[in-house]
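Worksheet: the structure to be examined is printed underneath.
In what follows, chains are A, B, ... by sequence order, proteins preceding strands, each numbered from 1. Owing to the predicted nature of the structure, the values given are computational and were not obtained by experimental measurement.
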There are 2 protein chains.
Amino acid sequence: MQRYFGDRSTAVSVVDLVEHFRGEMNKVTVYRILSRMEAEGIIHSFSGSDGLKWYAACKQCTNHSHYDHHPHFQCKVCGMIECLEISLPIPKLKNRKVDTEIILLIGECETCAS
Amino acid sequence: MQRYFGDRSTAVSVVDLVEHFRGEMNKVTVYRILSRMEAEGIIHSFSGSDGLKWYAACKQCTNHSHYDHHPHFQCKVCGMIECLEISLPIPKLKNRKVDTEIILLIGECETCAS
DNA sequence: TTCTTATTGCAATTAGGTTGCAATAAGAAA
DNA sequence: TTTCTTATTGCAACCTAATTGCAATAAGAA
């Protein structure tokens, strides 16, 4: 599982992971390893526009700065989701304290747009 | 149901709606009325950070500009979600065409922060 | 080896959401 | 009003993501 995320820059849905490891590893085990790896700061999770849970390898994340979320980009054609290594300014709102923002940009990836 | 959204500026999760109308209306009916009202441009939906489906009354939405999504704000203490009538700039990405952004700001609302 | 702890598999369960179908309500036409 | 047609609702069953309990196994330490 570690190896699976090692050289992957895009995110994977849990459903795809369970499917990928079918025969090799039980569904429940996949879920458990994922939450363990997330707790250790190796991967991070977020829920896609479909409401499914997605996981991706952490690059600059540490155990501590794990929740400094970065934006994600999803291709509406092929469904692919990737992490964006940009940081967008968190807007100020009056009478509210904002400390996190969850951003999902949707469009077409390089492959699907051409 | 129309009345329910009429004077409400915050969003409601489907789970809460089903609970609210229990005894008065079947779960399936709640779901069906909601998707009908969404198709008519009266309300709009999005999925919260928990992966649940939320609905809120449309203010400037029309049947057509229904998908000009606006950001939402969620209080991490009480869980309340509200629509923000601000528009944030959609960032440009190289090699990708971005046409929508789903934004959820998370923090503390006025009531919970004080 | 023996004891203890962590990991895994399997079955069952919970929960959000959908579908099929029959029953009822609501309108239009006669 | 009566009849025909269409839309709305309730109920049971189902689908799928995710979780839990528990026994079985693997892994480490004493």
Side-chain angles (χ1 to χ4, degrees), chain A residues 1-6 8 10-58 63 66-67 69 72 74 76 78-81 102 104 106, chain B residues 1-6 8 10-58 63 66-67 69 72 74 76 78-81 102 104 106:
Chain A
M1 187 79 98
Q2 302 259 2
R3 200 177 313 130
Y4 185 89
F5 281 101
R8 192 172 301 266
T10 57
V12 210
S13 73
V14 181
V15 177
D16 288 342
L17 275 170
V18 169
E19 173 61 30
H20 181 266
F21 284 102
R22 195 163 49 127
E24 182 181 343
M25 193 183 286
N26 189 275
K27 176 181 70 164
V28 182
T29 307
V30 173
Y31 276 95
R32 286 196 275 229
I33 293 182
L34 286 174
S35 40
R36 208 153 56 212
M37 285 173 70
E38 184 173 27
E40 289 165 357
I42 303 172
I43 56 177
H44 62 273
S45 72
F46 56 95
S47 58
S49 53
D50 48 7
L52 290 191
K53 203 163 189 183
W54 289 70
Y55 280 96
C58 289
N63 255 345
H66 201 46
Y67 296 101
H69 294 295
H72 292 96
Q74 178 163 34
K76 65 182 177 186
C78 66
M80 177 275 301
I81 300 187
I102 296 176
L104 179 61
I106 296 175
Chain B
M1 188 80 100
Q2 301 259 3
R3 200 177 313 130
Y4 185 89
F5 282 101
R8 191 171 302 264
T10 57
V12 209
S13 73
V14 181
V15 177
D16 287 342
L17 274 170
V18 169
E19 173 62 28
H20 181 266
F21 285 102
R22 194 163 50 127
E24 183 181 342
M25 193 183 284
N26 190 275
K27 177 181 71 162
V28 182
T29 307
V30 172
Y31 277 95
R32 285 196 276 228
I33 293 182
L34 286 173
S35 39
R36 207 153 57 211
M37 285 173 69
E38 184 172 28
E40 290 165 357
I42 303 172
I43 56 177
H44 62 273
S45 72
F46 56 94
S47 59
S49 53
D50 48 6
L52 291 190
K53 204 164 188 182
W54 289 70
Y55 280 96
C58 290
N63 256 345
H66 201 47
Y67 296 102
H69 294 295
H72 292 95
Q74 178 163 33
K76 65 180 177 187
C78 66
M80 177 276 300
I81 300 187
I102 297 176
L104 180 62
I106 296 176

Are any protein N/O atoms closer than 3.5 Å to N/O atoms in nucleotides 5-7 of chain D? If there are, list each pair with its distance.
none

Could you run down the sub-3.5 Å N/O contacts of the protein with nucleotides 23-27 of chain D?
none

Heteroatom pairs (N/O) under 3.5 angstrom, protein to nucleotides 11-14 of chain C:
none

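In terms of heavy atoms, A:Ile43 sits closest to A:Cys58 at C-SG, 3.4 Å. Here the shortest heavy-atom pairing between A:Gly48 and B:Ser47 reads O-OG, 3.8 Å. Counting all heavy atoms, side chain and backbone alike, B:Thr10 lies closest to B:Ala56 at O-CB, 4.5 Å. Across every non-hydrogen atom of A:Trp54 and A:Gly79, the tightest pair is CH2-O, 3.7 Å. Closest approach of B:His44 and B:Ala57 over heavy atoms only: CE1-O, 3.5 Å.
Between B:Asp16 atom CG and C:dA15 atom C1' there is a gap of 14 Å when expressed in whole angstrom units. What separates CG of B:Leu34 from P of C:dT18 is a distance of 10 Å, to the nearest Å. With rounding to whole Å, A:Met25 atom CE is found 16 Å from C:dC10 atom C1'. In this entry the distance linking CG of B:Leu17 with P of C:dG16 reads 13 Å, nearest Å. In this structure, A:Ile33 places its CD1 atom 15 Å from P of D:dT19, rounding to the nearest Å. The CG-C1' distance, from A:Asp50 to C:dG16, rounds to 14 Å in whole Å. Atom-to-atom, OH of A:Tyr31 to C1' of C:dC10 comes out at 16 Å; the value is rounded to the nearest Å. Per the geometry, NZ belonging to A:Lys53 stands 16 Å off P belonging to C:dG16, to the nearest Å.
Listed by chain and residue number, A:Phe21 satisfy the side chain to side chain contact (heavy atoms under 4.5 Å, CB included) test with A:Glu24 (two or more places apart in sequence, or in another chain).
Taking 4.5 Å as the limit, every side-chain heavy atom of A:Met37 sits out of range of all side-chain heavy atoms of A:Tyr55. For the pair A:His20/A:Tyr4, a side-chain contact is recorded, criterion being any heavy-atom separation below 4.5 Å from C-beta on.
For the strand DNA chain D, secondary-structure stems (runs of at least three Watson-Crick or G-U pairs, all distances below 3.5 Å) span C:1-30 with D:1-30.
A donor and an acceptor atom sit less than 3.5 Å apart, one in the side chain of B:Arg32 and one in the base of D:dG10.
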Using atom types as modelled, flag every donor-acceptor pair under 3.5 Å from a side chain in residues 27-35 of chain A to any protein atom, sequence neighbours excluded.
residue	atom	partner	partner atom	Å
A:Ser35	OG	A:Tyr31	O	3.1
A:Ser35	OG	A:Arg32	O	3.2

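Contacts of B:Val14 with the nucleic acid, taken as non-hydrogen atoms under 4.0 Å apart, involve only primed sugar atoms and P, OP1 or OP2. Looking at heavy-atom distances under 4.0 Å, B:Val18 makes no contact with the nucleic acid at all.
In this structure, the side chain of B:Glu38 engages the main chain of B:Ser45 through a donor-acceptor pair within 3.5 Å.
Between B:His72 and B:Phe46, the ring planes are parallel. Angles under 30° get that label, and only those over 60° would be called perpendicular.
Distance CG/A:Asp50 to CD1/A:Ile81: 6.5 Å, rounded to 0.5 Å. Atom OG in A:Ser49 sits 5.5 Å away from atom CG in A:Leu104 (nearest 0.5 Å).
Within a 6.0 Å radius of CZ in B:Arg22, no more than 12 heavy atoms belonging to other residues, nucleotides or ligands are found.
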